[in-house]
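Treat the numbers as computed from the prediction; the structure is a model and nothing was measured.
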Amino acid sequence: IDSSILATCLAQDGIADRVTCINYHSRGADGDERSYARAVAARCGLDLVERERNGAFDLSQVLAMARTPNPVLYIGRIASQTDAEIASSLKASALFTGAGGDTVFFEYGNSWPAADYLRQRGFDRGFWRVSMDSALLGGQSIWSTIAQAIKDRFRHGLPAPAVSGYPSLVRLPGQSSPPPYLDERFVHRALLSGHSLPVGKLTQVRHLVHPIGYYDPLVGDAAPEIVHPLLSQPVIELCLRIPTYELTRGGRGRALARRSFAHTLPAEVTNRRAKGGMEEFSTTVLMNNRALARSLLLDGQLGQRGLVDLGRVERALADRPVGFHAHVGEIHRLVAIEAWLARWTTHETPAARQARAFDL
C-alpha cells in the first residue's frame, strides 16, 4: 500500500507521463502482486513494467559489493541490475520506493497503542475503544490487552525486539546474558533515556533511527538515484506527532494512511489484510547457492569468532539439509554479514585501493 500511495501522489502532481511503475513477481503464495499493481497503475493512469525476479542470482556477487557502513540485506537488492537497465531505457534518473511505510504509518502486530493511550490520557471512555482496536491489532483478547497496557503504561526503556520463529543459528553469549542486539553499546543513547515517550511511540522512534541505504552497493553509479519519500523529514515528523492509537484507529496497521488515501486507491488495495513477500524466492536463491553459502559460513569469521553454531549451520546446509527452510532468512543474513566483513577486512595494496573503480 505504501508504494501505491506514492503512485497516487505522483499521478496527482500532473507528471503521470514521466512516471513508470515497476513490479516484480516470483512463484509462491505471496510472491505475485501483479493484480494489485495493475489496478493501481490503471487507476492512476501510469505505465507499468512487470519483471520476474531472478532466482538464478549468483550469490558470489555480494562478495564484490561496495563497502557500506553496515551489512546489506542483499535479497532486496537482487533486482538492482534490472532496475538500472529499465531506468536507462526510460532515461529515468530516480527510483522512488515505499520504504519506511511500516514504521511511519505504524504497522505493528502489537497492543502498544492501548498502553500509549493509558499513559497519555488515562482511564476514560476512550480507553475501551482503543483497547478493542489494540486487541485486534495484537491478535489477543481485550483482557490480555488491558493487562498488558497497565503493565506497559510506565515502562522504562525499550521492549525486547520480536524474535523470529526460526531456530537461531547464532551462538548467544549465555542464557544469563542479553543477546547481542540488546547490548546497550549498540542502542542510541537518546533511546535509552527516552522515558518520557510511551512504549509504542518509543518503539516507532527506535525503528526510524536505523540507517537505510540510499546508494546501490551492487551496480554502483549505474543505478538511478534512490528516493524514499516516506522517510523524508516532514513525513516522519508528522507521523511521530500523531499518537499510535490514532494511526491504528479501527484495529488495523496503517489505518490512518488507509483512510486518508481510500478515495484515490482501488478498494482491493486499501482493504488488503496482507502484503507480498519473497519467502519462496529467497529459498530458491539459497538452494541455487547452497555450496557457496556453506563455504562462507563454515569457514568464515563469524564461525572463527564463535558467534554462530557451526554444527547447526552444517546440518542446515548439508546435501540433505535438516531444517533448511526454517533457517533461510537467517542464513541470508549471516551470508550478508560474512560478505560485509570480508570486504572490510581484505588487505589491499595502496595501488589496488586507488584502482578500485567504485567504493563507498
Side-chain angles (χ1 to χ4, degrees), residues 1-58 61-62 65-66 72-102 104-105 107 212-232 235 254 257 261 264-266 268-270 272 274-282 284-285 332:
I1 191 169
D2 304 321
S3 298
S4 300
I5 288 173
L6 291 182
T8 66
C9 293
L10 290 169
Q12 288 178 351
D13 283 342
I15 58 171
D17 59 333
R18 296 166 53 197
V19 177
T20 299
C21 301
I22 304 176
N23 177 264
Y24 289 95
H25 63 275
S26 55
R27 296 179 181 180
D30 59 353
D32 192 342
E33 297 185 295
R34 281 177 289 181
S35 62
Y36 298 107
R38 291 168 183 171
V40 172
R43 181 72 171 266
C44 297
L46 300 174
D47 291 333
L48 174 64
V49 174
E50 298 175 350
R51 291 289 186 272
E52 185 173 3
R53 296 187 180 100
N54 178 21
F57 177 78
D58 184 357
Q61 294 182 51
V62 304
M65 288 197 304
V72 174
L73 297 180
Y74 52 80
I75 283 293
R77 300 282 190 174
I78 285 179
S80 293
Q81 185 62 46
T82 305
D83 286 340
E85 292 170 356
I86 294 174
S88 177
S89 68
L90 297 172
K91 295 182 172 55
S93 60
L95 175 65
F96 282 58
T97 84
D102 282 356
V104 295
F105 296 146
E107 182 72 48
I212 186 169
Y214 282 87
Y215 302 99
D216 194 292
L218 280 174
V219 297
D221 54 7
E225 181 178 358
I226 299 177
V227 183
H228 306 305
L230 298 183
L231 292 175
S232 61
V235 175
R254 293 180 172 85
F261 290 91
T264 63
L265 290 173
E268 61 265 39
V269 173
T270 305
R272 285 187 71 182
K275 63 186 297 185
M278 298 194 296
E279 284 77 7
E280 188 167 324
F281 172 72
S282 299
T284 299
V285 171
H332 278 303

Kindly indicate whether the side chain of F96, heavy atoms from C-beta on, has any atom under 4.5 Å from the side chain of V19.
-> no
Taking the side chain from T284 and the backbone from E280, do they hold a donor-acceptor pair closer than 3.5 Å?
-> yes
Rounding to 0.5 Å, atoms CD1 (I1) and OG1 (T8) come to a distance of 9.5 Å
Would you give the length of the straight line joining atom CG of D216 to atom CE of M65, rounded to the nearest 0.5 angstrom?
-> 9.5 Å
Work out which heavy atom in S26 is nearest to a heavy atom in R53; give both atom names and the distance.
-> OG-NH1, 2.8 Å
Test item: V40 and P266 side chains (from C-beta on) under 4.5 Å apart, heavy atoms = yes
Separation of I22 CD1 from L95 CG (nearest 0.5 Å) = 6.0 Å
Kindly check if the number of other-residue, nucleotide or ligand heavy atoms within 6.0 Å of CD (E268) is above 12?
-> yes
Should F261 and C9 count as side-chain neighbours, where that means a heavy-atom distance under 4.5 Å?
-> yes
Of all the heavy-atom pairs spanning P229 and V235, show the shortest one and how long it is.
-> O-CG2, 3.8 Å
Do the non-hydrogen side-chain atoms of D2 and D102 ever get within less than 4.5 Å of each other?
-> yes
Shortest non-hydrogen contact between S89 and I86, atoms and distance | OG-O, 2.7 Å
Side chains of E33 and N23 in contact at under 4.5 Å (non-hydrogen atoms) | yes
Taking the side chain as C-beta and beyond, is there a heavy-atom pair between L48 and R38 under 4.5 Å?
-> yes
Of all heavy-atom pairs linking A84 and P224, the shortest is CA-CD, 4.1 Å
Is there side-chain contact between T82 and N54, with heavy atoms separated by less than 4.5 Å?
-> no
Roughly how far, to the nearest 0.5 Å, is the CZ atom of R34 from the CD atom of E52?
-> 7.5 Å
Between I75, L73, V62, which is the residue that forms a side-chain contact (heavy atoms from CB on, under 4.5 Å) with H332?
-> I75
Shortest non-hydrogen contact between G98 and L230, atoms and distance | O-CD1, 3.6 Å
So, R254 side chain and F105 main chain: donor-acceptor pair closer than 3.5 Å or not?
-> no
pair Y214-L231: side-chain heavy atoms closer than 4.5 Å | yes
State the CD1-OG distance between I226 and S80, to the nearest 0.5 angstrom.
-> 7.0 Å
Would you call R27-D32 a salt bridge at under 4.0 Å N-O?
-> no
Check: R51 main-chain N/O paired with H25 side-chain donor or acceptor under 3.5 Å | yes
Gap separating the CG atom of D17 from the CG atom of L46, nearest 0.5 angstrom = 10.0 Å
Looking only at heavy atoms, which two atoms of G45 and A16 are closest? And how far apart?
-> O-CB, 4.1 Å
